[in-house]
Each structure stands twice: as C-alpha cells, then as structure tokens.
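We name chains A, B, ... by the order of the sequence lines, and we start the count at 1 in each one.
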There are 2 protein chains.
Amino acid sequence: MNRAEGGVRVVQVPVPRLGNNIADVERLTAVLEKALGTDRVTLPLGVVKRLPALLRRFNHRIKVLLCKDSWGWRIINVQAPDSPEPVCGVALDIGTTRLVARLVDLENRETLGESGFDNPQICIAPDVLARIHHAKDPEGLEALRSVLIDSVNHSVSDLCDRAGLKVESVHFMVCAGNTAMTHLFLGIDPSNIIREPYIPAINVPGIQDARELGLCLNPMAAVFIFPNIGSYFGGDLVAGILFSGIHTNENPSIMVDVGTNAEVVLGTREWLIACAGAAGPALEGGMSKMGMTAGPGVIDRVKIDPVSCVIKIHTIGDEPAMGLCGSAMIDLAAGLFLSGMMDIRGKFSPERCAGQLVCDQGIDTLVLVPATESGTNAPITLSQVDLNSLTSSKAAMYAILQVIVEHTAGLGFDDLEHFYVAGTFGSFIDPVSAISIGMLPDIPMDRFKVLGNSSLGGAARLLVDPDLFDEIETIRQKLTYVELNVNQAFMNIFSGAKFYPHTDRSRFPRVKTGGA
Amino acid sequence: MNRAEGGVRVVQVPVPRLGNNIADVERLTAVLEKALGTDRVTLPLGVVKRLPALLRRFNHRIKVLLCKDSWGWRIINVQAPDSPEPVCGVALDIGTTRLVARLVDLENRETLGESGFDNPQICIAPDVLARIHHAKDPEGLEALRSVLIDSVNHSVSDLCDRAGLKVESVHFMVCAGNTAMTHLFLGIDPSNIIREPYIPAINVPGIQDARELGLCLNPMAAVFIFPNIGSYFGGDLVAGILFSGIHTNENPSIMVDVGTNAEVVLGTREWLIACAGAAGPALEGGMSKMGMTAGPGVIDRVKIDPVSCVIKIHTIGDEPAMGLCGSAMIDLAAGLFLSGMMDIRGKFSPERCAGQLVCDQGIDTLVLVPATESGTNAPITLSQVDLNSLTSSKAAMYAILQVIVEHTAGLGFDDLEHFYVAGTFGSFIDPVSAISIGMLPDIPMDRFKVLGNSSLGGAARLLVDPDLFDEIETIRQKLTYVELNVNQAFMNIFSGAKFYPHTDRSRFPRVKTGGA
C-alpha cells in the first residue's frame, strides 16, 4: 500500500458474474483487504445501503474513504469515482483552555481553514480539576459535554462556511485532548482520573460515530479519538509524539510541552519514556498564573542591559503595558540574573536594582513600568513572591528533564539530537533566556526546534494519512510512563535546580554571568 | 470457556491499584479476552459510560452480556452482579409469509413466550419477487422495511407484556430470514438478488445496533443477523443447519425444508452440499397454491380405503370442510395411488373412482366433499390439473434429493443416518404418504425427524449460546451451493420421478400397491 494514497482512494471492484457471485459488500472488502494487507475491513449499514446502486452506476469503480483503528480499517463512505463533491476532514485539538480546529481537503491534503476558540467549559468550571468535580453529577457531565460539542459544531460550521462548503462535506474528524478532556468530549465520567489509583474509564476509544457524539458533520462521518496512555498522559501528547517524529529517530530526542502542566517525552525509534503532570506546584500554578494570554499591551519581550541595568520592554502592538506574559517573565528573570540584579538564589540584589526596587507590604517588588506609563494606571511589577514562584517552576522543569534524561534513560543532555519545544507557550519562549536561568539545558541552540501546536499537528497528520495509525500503536506499546511525584531523585535534584542557573555551574558552560 | 455459560456471565475484574492502573475498559476486556480465548472484545460507548460507576459499586464484580460475530466478541451491556433485572433475548424467524418471535430468558434459557404473525409486507406485495420489485423505489423499500420492523416491535412488545416485562429487558435479538427478507429487514435494496448474476448487497451483516434498525428494545440492544450464503441460500437455512446439527454428524444426514421453495442440505461434519430455489415451477407454485394455512375446517388428514375406495377426511376442529391443506394433499395422492383410483402416471382411473369423478369444464375432477356437506356451499374437489401439479412437485422434490445425494455426493439414500424434515409444512407431512407417492425416498421410518421451524430453532440456539457463532462460520466455510437449474441430470431424473412412485420401482420396495 502506498502511504501517499491516504484515506481517499478509487477502487476497481471485480464485476460480478455467475461464477463470481459473492455479495457486493464482501467483494469490495476483499479488494480492499488485499490492497491494505489486512483481513479486517468493515463498513457501517449506511454505507452498505448506498453501495449496490453506486457500484452498478459506475461499472464497479468507486471512491472510498477509509480510516483505521485497532479493530481494523473502516470504510467511512463511498462516492462516485469522479465525484466533484469535496471530501474533507477536521483535525481538532481539544485543549483545556482553548480548542483549535483545522479543516482539510482529504484528497489534496490542502488546509482550507483553521479556527481557535476558547473552551466554553471554562464558564462552568475554570480548570480540569473543577470540571472533573462538576462532572460527578450526570447533569453536570452532560452540561460540560454538550457545551463543548456545541462549540465544536459552531466552529466546524464556520470553517465550512468560510471555505464555501457544507458540513456534510466533513466525513472524518481526528481529535486529540488530554485524558480528562477526552472523557468529557465522549460524555464519560472522568472522576476516577483524579482519585487514587487514578484510573481512566477508557484509554483507547478508537473510532466512534460522529452522530452518536452529537457532532453535526456528514451523517456517516467517523471520529477518531487519540488514545490516552493513562490519567496523566493523554491523547494530545500521543498526537504530539506522532507530530514530532521522536518515535522514528535513530538518536535520542526529547519533546517538552510547557502548558498548564510540564510534559516530557524522551526516546528513539526503539524506546520512549514519558512523564507528565504533578511536576511541582510552582510550574503548574506559577506559570499559568503569569498569563500566557497574549494580547494588546501585554509585555512579550524584556531586555536588561547587563551593565547599566536599564530594562527595555516590548509590548504587543506597542500599546501601553498591561501585564506580563510567561515568555517575557523568562526573559526578565534571565536579564535580572545576567545583570546581577538578582543573585544565584533568585533574590533581588538591592544595590544593583537601585531605585527600581520598592517595598510593597513588606515584600521587595521591582517596578517595571510606573503607573504613569502603564495602560492600567497601576505600576507593572514583579515581586519577590512572583520570582520565587518562577524559581520553583524553572527548577521543576530542569529537574524533570534531568531525571528523565540522566537518571531514567542514563543519557547526558549532549546526547539529545533534537530538543522539541511544543505547545503555544513553548512557541514564545526564547531558548537563550530559558537556558540562562537554568530552565532548559545548556545545549547548542540549533538543536532546539519549536513545534507549535503539536497535538493539532499530530491529529492533522493522521487525518490525511490513516496508515499512520500503526505508528500510534507503536507509540502506545513502546512508551513507558514514569511517575515523578513518587521519585525521590526528583526531589533532590529539584533543590539544586532552584539556584541560578544551577548549584552545579559546570552544567551551564555557555551561560556568561557577571555583567556587573 | 465453558459453553454452558452462555452469553450472560458474572466477571471479577482485577481491582485497580497504583501498580495496575490501566483503564476500566481495557481491564474488563483483558479479563474477558483471556476467558474467551480471543484478542477482540469490544463495547459500545453506551456501555463505556456505565462501566466505571458499576465496577466501583460492586467491588469490580459485574454481570456482562456478550455476543459474537466475525469481528469478535461484543459486550452488549453490563449490570450489577446480582441484578434482579431479567436479561432477555428474542429469536426471530423472518418468513416471507409469516414471522415467529420467541422471547427467552438468557440467564436460565427458559422460553417466556412465542408469537407468530403474518408478514405485513403481504399487504404491499404478496410474494418475494413482487416485494423486490416494489423495493426498487427508495420509498417502496422504506415502506416494506418499516411495516416489517413495526410488526416486530408490536410482537416483541406483546410478548413482553404477557411475560410481565418491559421491552427494555430485551438486550439481544437473533434473526434469520432468507436473503431477500434479510435485506428488507435491514433496509437494503435487494433488487440485484433477482437479476443475473444474482448478487446480494451483503451476505454477512453480523451484529447491528437495534436502535439503528428501528427496533424498540433496550436502547443498547444488539441484533445478530444470520449470514446468507448467496441469493438463493439465506440465513434462515444456515440457522436451520445449525439447529439440525448436520454439520456436527459423523455420518451423512440430509435436511429438507419444504416451504415456498424446496431447500435441501446434505452433509457431515466434514462437508455440506446445498441446493435451493428454482426447483421446478410445480414445487414452487403448486405446493404453495394448495394452502398450508391450517385453520378451522381445513382438511388436514385424508384416508382412502384401498379396497372400497371410501375417502375419509378429517378437518381441523371437526368443522365442515373449507379446503385442503398441503399435507392432506399428499395423503390424498397416496390414498388415490394405493387404492388404484390413480394410475402410475398420476391420472384418475375412472373405473375405480366411479361416481366420485365428475367432468368439470372438460377436466376430470374428484369430489371429496359434496357442496351440501362443505363449509363453503361448494364442493371440495381435486382436479386432474391439481393432481398434475402435485405430480410435478413431488417429482421435483425427489429429483432434487436424488441429484444431491446420488449424483453430487455419490451416496445412496440408505447412507443417510437422519432425514430431517424442516419447515411448518414439513411438520404436517406424513412420511408414509410422502414415500408412497415417491416424494421422499423409501428409507426406514425411524430415520425421519421432524424439526419444525428450524430457522427459529437455530436462532434461539445462538441466542442463548453465542459460542455457537463459530459453528455458523464453519457452516459458511464448508457449504457448497449447487445450482440445480443449470443441472442437466436433474431434468432427466425429474422425468422418471413424475411416475408413481417412480419409473424405477426398485427404489420403493416398501411401497405396496394394488389395493384393488
């Protein structure tokens, strides 16, 4: 089977005659089973009903749309061989905060549109934990499910409108979300995910009927849901691995998704190790508290002159400053450290900060933008508490990386051929700053690769190439999940990583300090 | 796996702990896959949703209801281990003329009720051919489908009412019908079945969702549809074979279903040969014309004194005679032949019939009941035309048996260990009469076994014992279908079989004639 064929292909079915009078369905599946090298091709009753007339109208030559899961191949729909009707699909990243849908022509693989929108479940419950609690009650679960599905329906409908298509042109959807979001999307109670021993209801939902999920697509549309590995390792990360290609590389690579959680995957085509979630309260809470919501007036870049200690900020749209986003926070910490305004423990140095440091309610606080110049009529500041939170976050991040690379895999950071940074937040981080504060390891810059929304990317890859399903199975089988919160080494390493850049200075040879 | 366990069983799922934290669904399927010796246990989303709470409420001990098709095992539903809710199923014989539904408790295998009802499609189109033509138009197909499904829903609802149950207690249905009826039941256009080269749309529908078929059972109920072998060999006959056990016998046995068509299966546990349909117009039209509809006043038994030629009739309910049913027709022909009132060519002998023979519009006609004694105020008669039709029918039946046993299988009738007579009509035939007229072969009486509704019987067996599905696969694989209407030997043999009992008198040593 030529992978380039994808899920849409035109098939010539043998014309029946008295000596070859097996049924239409079995004749079609026999041809496909041979071509696909499988003994399992199924089709739903709706397709069976359309098949006989279509086969005879076009001399047994038909266009079929296929998808695949662990039960085998499935014929989603059949069409005339030269049908001008577009055959489209949607890749969907079901984020806790935000969803992104991408409309794709499944025949020529062209992207026809993309749309991001806030997860409407936020109005019901702000975070995953609150939503899981809300879903304990069947009505709460249904509310979370339906508001989510409705928003997806609206988004797909909009995307189709803008592309001049009807939603009936969407025959296939591929979704990737974390374990809790996947449960809520399917209408399954996720409550045991957060109760010891942390058991999802299902890890491998495979292909489901769009209609049964309440999705308004083609009535016969199929939906593939990326499998979870466990409660703390969802289909979004499996999709991310698929997108990164770590699982096909000969040499070790690592992927880091810095979102609400820190999630890390390390491996080669032979093995995969992952850890995720519960990576320390600082990284979880701290990072998300800082924002990550880019918008007009948000400070997205900070530069500090290492000699003069002058702080230069850049805001989105060059508007008066409103606040600080996460990537700017890392820039800021890097500048503070390199200029000596902050010491190796992450504490402000009053002598270097001079007049910019004030005492607010007994806490040292650095004024970045005075009230008179800000867009909020209040000063934009960074307190020692904020800084301590960042210190914990960056320490947790580095400790996770060190544990998984050195302790678990027995490698050094220099052995990593690629360092993939995934996630929306990751796209904005300046690796130089992140290395300077000891958050990311000090390896050559050309090894860092920004992946963007790897979950959406993985979903989109599978959408146009159902053969890739086999790689998902490989990822599932090869992946070992490491629990960090029961790892004693992690706690020891975490302490050392709380210094700037690290207690072990030899780990960061390229970081040049002492601007003062 | 103990076959006696059937489809309902209580399963202990390993209790999850930190070291064994796979998802609920995968934990349940792993246990079942081990117990069932398979790698394929699936469950629909509706069951997934119920599973987590149920597992935890009963310490991971649950009752599961299973069924099976060529794609593997399927969990239809899950319940509390000691749930008092009955778990029922319905076996359904989808006949062209009549349907029969049997309600069964799937746990103790008790029959809770049975109900037969006319196929309501008759009001739209009387026979299979007319219905297939009617179904060419999508609205016609839908009319035939919905009237059929409605009648099944009514019947199941009635059966449940009478058993003091709700239809929600019905979780599983097993259906068997001929190929055309199976298509109409599923809402699939059957028109290519009757067009050369006679291609069904589907032979192996497997398990379908009751809801999708429009059946009002438990919302999660599954429906297994017996597979067809081809256009002229439907799931009803596959179910019949399963019921007969021919496919498990060491020595050859034969099953004959004399319904609207003559259908014959011959075989052992090693091989199966079948032929059906197009068995000569006489058997097809003639037999059905005679009635087979038993009711008050219908003559069901006829005896003729071989010496005095006095005809004794018995009517159902001892009511005044209204007509003649098929089995009585065979008795009558046997009596006429054994008493010499009919010669070996099947023609009335005027000298033996004496005053009972009249000439009606130039055709010799035997008066069985004079107008004054009948329930119709008209005489009940048998004309030479009726008799010729019967002669063709019985000749076709014997010729089919001879071709399949002697020519195709190379056996003699004496080699047959069991001679199964299936079908409603078959249940009423007196084998002695049938042998006397040369319709059935002259073998010892104890080899004849009346099966009754073998199609319903087979469906009911599978209903309580899903493991039997493997036998259906075996039957499908071992069965060779022989086309009789392209068989030259058949036409030659047919001519000899048109005599009473046969031109080759040595074939019927036990038939003693010459009562005169």
Side-chain angles (χ1 to χ4, degrees), chain A residues 15-27 29 39-40 42-46 48-53 55-56 70-72 136 138 141 179 183 186-193 195-206 208-209 211-213 227-231 481 483 486, chain B residues 15-27 29 39-40 42-46 48-53 55-56 70-72 136 138 141 179 183 186-193 195-206 208-209 211-213 227-231 481 483 486:
Chain A
V15 176
R17 37 191 178 75
L18 279 174
N20 172 12
N21 57 0
I22 60 167
D24 292 334
V25 164
E26 285 81 17
R27 207 145 15 90
T29 54
D39 62 344
R40 299 203 163 254
T42 58
L43 59 175
L45 193 55
V48 174
K49 290 181 184 179
R50 301 187 54 189
L51 189 62
L55 280 174
R56 282 162 188 81
S70 38
W71 307 110
K136 268 183 195 160
L141 171 61
T179 306
H183 278 61
L186 295 170
I188 302 168
D189 175 14
S191 55
N192 298 302
I193 289 176
R195 280 188 204 141
E196 204 181 303
Y198 317 110
I199 306 295
I202 188 166
N203 274 336
V204 190
Q208 301 286 340
D209 291 329
R211 258 192 315 182
E212 207 188 344
L213 300 181
N228 311 309
I229 305 290
S231 286
Y481 182 74
E483 288 280 353
V486 292
Chain B
V15 176
R17 37 191 177 76
L18 278 174
N20 172 12
N21 58 359
I22 60 167
D24 291 335
V25 164
E26 285 81 18
R27 208 146 15 90
T29 54
D39 63 344
R40 299 204 162 251
T42 58
L43 58 176
L45 193 56
V48 174
K49 291 180 184 181
R50 301 188 53 188
L51 189 62
L55 280 175
R56 282 161 188 81
S70 36
W71 306 110
K136 269 184 195 162
L141 171 61
T179 306
H183 278 61
L186 295 169
I188 302 168
D189 174 14
S191 55
N192 298 302
I193 289 176
R195 280 188 203 139
E196 203 179 306
Y198 317 109
I199 307 294
I202 188 167
N203 274 336
V204 190
Q208 302 285 340
D209 290 331
R211 257 193 316 182
E212 208 190 341
L213 300 182
N228 311 309
I229 305 289
S231 286
Y481 182 74
E483 289 280 355
V486 291

Practice task
Please report the C-alpha distance between I199(B) and R56(A) in whole Å, then the side-chain angles of each, then the deciding distance to 0.1 Å, and finally whether the side chain to side chain contact (heavy atoms under 4.5 Å, CB included) criterion is met.
Solution key: CA-CA 11 Å; I199(B) 307 294; R56(A) 282 162 188 81; 3.5 Å; yes
Problem - Among L55(A), V25(A), T29(A), residue most engaged with chain B (heavy-atom pairs, under 4.5 Å) - result: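 Looking at each of L55(A), V25(A), T29(A) in turn, V25(A) comes out on top.
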Exercise for the section: Look at S191(A), P200(A), G230(A) and state which one has the largest set of heavy-atom pairs under 4.5 Å with chain B. Expected result: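 Heavy-atom pairs under 4.5 Å are most numerous for P200(A).
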Completion exercise
The reported gap from CD1 in I202(B) to CG in L43(A) (rounded to nearest 0.5 angstrom) is 6.0 Å
Problem - Atom group of S231(B) that falls short of 4.5 Å from chain A, counting heavy atoms - result: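 Neither part.
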Problem - Largest heavy-atom contact set with chain A, pairs under 4.5 Å, which of N192(B), V204(B), I188(B), N228(B) - result: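 Maximum pair count with chain A is reached by N192(B).
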Exercise for the section: Among K49(B), R40(B), E196(B), single out the residue with the greatest number of heavy-atom pairs under 4.5 Å to chain A. Expected result: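 With the most close heavy-atom pairs to chain A, the winner is R40(B).
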Let me know if [X] has heavy atoms under 4.5 Å from chain B in its side chain, its backbone, both or neither.
X	value
D39(A)	backbone
R27(A)	side chain
N203(A)	both
L51(A)	neither

Problem - Side-chain heavy atoms of L213(B) within contact of L45(A), under 4.5 Å - result: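 Yes, close enough: below the 4.5 Å cut-off.
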Problem - Test item: P52(B) and D189(A) side chains (from C-beta on) under 4.5 Å apart, heavy atoms - result: no
